[in-house]
There are 2 protein chains.
Amino acid sequence: MRKTLLGDLRDSELFHGIRRDEARRILESLDAQLKNYRKGQTILSAGSRVRRIALVMEGSVTLFQTDFWNRQIIIDRRRSGQIFAEAFACDRHALSSFTVQADEATVILWFDIMDILKVDAADESRTALIRNIMNTLAMKNLALNEKLLHVSRRSTKEKLLSFLSDEARKAGSSEFDIPFSRQELADYIGVDRSAMSAELSRLAREGYFETNRSHFILKKM
Amino acid sequence: MRKTLLGDLRDSELFHGIRRDEARRILESLDAQLKNYRKGQTILSAGSRVRRIALVMEGSVTLFQTDFWNRQIIIDRRRSGQIFAEAFACDRHALSSFTVQADEATVILWFDIMDILKVDAADESRTALIRNIMNTLAMKNLALNEKLLHVSRRSTKEKLLSFLSDEARKAGSSEFDIPFSRQELADYIGVDRSAMSAELSRLAREGYFETNRSHFILKKM
DNA sequence: AAACCTCTGTTGTTTTTACAACATGTATGA
DNA sequence: TCATACATGTTGTAAAAACAACAGAGGTTT
């Protein structure tokens, strides 16, 4: 495996806190495999069985579904340092629910995560890797739960109040900056930007908060 | 620990495939603790640090949030055999984002999941438990992803088509039964029941599918 | 069979949202 | 400073959804 690529590993959430030589040793014992893909090439097909986690080393990929009526739905994009297919690899019975294609020339590192659980193989670095994977799954879980909580509110007003309330909780203060522009926020909670902008004005007028750009100050009422 | 309760453990997703005596041994080494709660008692408060996973042994609990403007939002309910707080326990930096209260007299088994990763403690049953936890996290992830995909579509029509397409994919056939009544489906995708019913009729008339109650036959067009 | 209940579909009305078009604000570099 | 580009706010209109009220279908109990 190329040294330059291994160096980059430490930047990924998965190998965080694991020494480079340790990472190399672990990956070798896990049947890790580097594969190159051309722009547009299919890396993983919907419906296929996935045993291994994919770590994007170089390039970027798009995850999408094709529905029953052949309409394409883009799910997400993953870049260098990020992983995909981890949920399918960690759940023995799951098949991939999406297709993955390379956006550009891309290098993927594949490795079998379940192998790492083998009883005879306990050591500190492996433990760290398992912890990192569990952390990753847990964090994704929390992020998905949080987003779902906002998105599944019925009205734009409820979505905004749910989101802002959560931001205040995370900031530990009624005054905070959100990590989104207006357009990004609208996409995140799944509504139209201009309608959302109007709703924000209305809520501010009603006294729920003051806002300027990404800065918010919530008001008890 | 009471034998009767330990017997029930095998029904939980977490201890699936682990022998009763093994489960007992593991739990003792993990500082497992049984606690009883009265109806209405708070089991876990939003904002607190959580080190241990909670497994509901008897009774049931409600997970909810109180937002900035003191409005209560019910997130979910967990019953005997199910776990909660697993994502907070698996992500060292996370604090609980919700409060948990007992719906009735409830028994909770608390245990430290990160302890199980200790290097000196590798054995088959522990490996199975780790695998089960990863499975649980992965399955939740997939379920959340799937629901989010449907809920975040903009219109009722898009939500329905997204949901039905996914059901067809999971069934491996264009003909299938959905696991929901109309009201449950409306709640799941986050829309009004009667409006959804009307939309279903419209889509059926437009030729997307035929449906009777929970039975659907999708049509290519 | 009759009475009852729950689920589902339909329709008219009200409310909310999306959409489009444009105005204003803000940051950036020539 | 001016020109420019992009983000944000505003408004009117069309479309969609929520809501409410009711009717019929299906199933269950007596």
Side-chain angles (χ1 to χ4, degrees), chain A residues 67 69 71 73-74 147-165 167 175-219, chain B residues 67 69 71 73-74 147-165 167 175-219:
Chain A
D67 79 3
W69 296 276
R71 303 178 309 170
I73 296 142
I74 290 177
K147 180 167 180 179
L148 196 52
L149 208 61
H150 307 322
V151 172
S152 53
R153 305 263 104 204
R154 292 299 178 82
S155 66
T156 302
K157 169 177 174 176
E158 290 301 320
K159 287 176 184 181
L160 284 169
L161 294 182
S162 174
F163 169 77
L164 291 171
S165 193
E167 288 296 304
E175 188 166 355
F176 53 86
D177 288 289
I178 64 171
F180 295 131
S181 70
R182 288 289 183 271
Q183 183 61 63
E184 288 169 333
L185 177 56
D187 291 340
Y188 180 74
I189 63 174
V191 298
D192 174 74
R193 180 199 62 78
S194 70
M196 183 192 78
S197 219
E199 189 63 46
L200 278 171
S201 302
R202 207 170 306 134
L203 290 171
R205 222 174 305 128
E206 287 172 17
Y208 285 94
F209 51 76
E210 290 172 17
T211 178
N212 180 273
R213 300 256 153 173
S214 62
H215 195 71
F216 283 80
I217 305 171
L218 306 193
K219 310 275 185 191
Chain B
D67 80 2
W69 297 275
R71 302 177 310 170
I73 295 142
I74 290 177
K147 180 164 181 180
L148 196 52
L149 209 60
H150 307 322
V151 172
S152 54
R153 304 262 105 204
R154 291 299 178 83
S155 65
T156 301
K157 170 178 174 175
E158 290 301 320
K159 287 175 185 182
L160 283 170
L161 294 182
S162 174
F163 169 77
L164 291 171
S165 193
E167 289 296 303
E175 188 167 355
F176 53 86
D177 288 289
I178 62 172
F180 294 131
S181 70
R182 288 288 183 272
Q183 183 61 63
E184 289 168 333
L185 177 55
D187 291 340
Y188 180 75
I189 63 174
V191 298
D192 174 75
R193 180 200 62 80
S194 70
M196 183 192 78
S197 219
E199 189 63 47
L200 278 171
S201 303
R202 206 170 307 134
L203 290 171
R205 222 174 304 127
E206 287 172 15
Y208 285 94
F209 51 76
E210 291 172 16
T211 178
N212 182 274
R213 302 254 153 176
S214 62
H215 195 72
F216 283 81
I217 306 171
L218 305 193
K219 310 275 186 192

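It should be emphasised that the depicted structure is a prediction, and the values quoted were computed from it without experimental measurement. The chains referred to below are lettered A, B, ... by the order of the sequence lines, with proteins before strands, and numbering in each begins at 1.
In this structure, the side chain of A/Ser162 does not engage the main chain of A/Glu158 through any donor-acceptor pair within 3.5 Å. With hydrogens and angles disregarded, no donor-acceptor distance shorter than 3.5 Å links the side chain of B/Arg182 to the backbone of B/Ser194.
A straight line from CD1 of B/Ile178 to C1' of C/dT8 spans 12 Å, rounded to a whole angstrom. Here C/dT6 presents its C1' atom at 13 Å from CD of B/Glu184, a figure rounded to the nearest Å. Put simply, CD on A/Gln183 is 12 Å from P on D/dG9, counting in whole angstrom units. When rounded to the nearest whole Å, the span between CG of A/Leu161 and C1' of C/dT16 equals 15 Å. Going from atom CZ of B/Arg205 over to atom P of C/dG9 covers 12 Å, rounded to whole Å. Rounded to a whole Å, the CG atom of A/Leu200 is 16 Å from the C1' atom of C/dA18. Per the geometry, CG belonging to A/Leu203 stands 13 Å off P belonging to D/dT10, to the nearest Å. With rounding to whole Å, A/Phe180 atom CZ is found 17 Å from D/dT8 atom C1'.
With hydrogens and angles left out, the side-chain atoms of B/Glu175 and B/His215 include a donor and acceptor closer than 3.5 Å.
Taking the six-membered ring where tryptophan is involved, the planes of B/Phe176 and B/Phe216 are essentially parallel, since the angle between them stays under 30° and well short of 60°. In this pair, B/Phe163 and B/His150 present their aromatic rings perpendicular. The plane angle is above 60°, beyond the 30 to 60° band.
Using a 4.0 Å heavy-atom cutoff across all strands shown, B/Ser181 reaches sugar-phosphate atoms only and no base atom.
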Point to revise | Per-nucleotide protein contact string for nucleotides 17-29 of chain D (B base, S sugar-phosphate only, - none; heavy atom under 4.0 Å) | key: SBBB-----S---

Practice item. Show the numbers, then the answer: is there a side-chain contact (heavy atoms from CB on, under 4.5 Å) between A/Trp69 and B/Leu218? Key: CA-CA 9 Å; A/Trp69 296 276; B/Leu218 305 193; 3.9 Å; yes

Exercise for review: Please assess B/Leu160 against B/Leu185 for the test side-chain contact (heavy atoms from CB on, under 4.5 Å), listing each intermediate value before the final yes or no.
Suggested key: CA-CA 9 Å; B/Leu160 283 170; B/Leu185 177 55; 4.2 Å; yes

Point to revise | Worked verdict on B/Val191 versus B/Glu199 for side-chain contact (heavy atoms from CB on, under 4.5 Å) | key: CA-CA 11 Å; B/Val191 298; B/Glu199 189 63 47; over 6 Å; no

Check your understanding: Under the side-chain contact (heavy atoms from CB on, under 4.5 Å) criterion, do A/Tyr208 and A/Lys157 qualify, and how do the steps go?
Key -> CA-CA 11 Å; A/Tyr208 285 94; A/Lys157 169 177 174 176; 3.5 Å; yes

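Taken over five-pair windows at either terminus, the axes of the helix from C/dA1-D/dT30 to C/dA30-D/dT1 are inclined to one another by 40° (rounded to 10 degrees).
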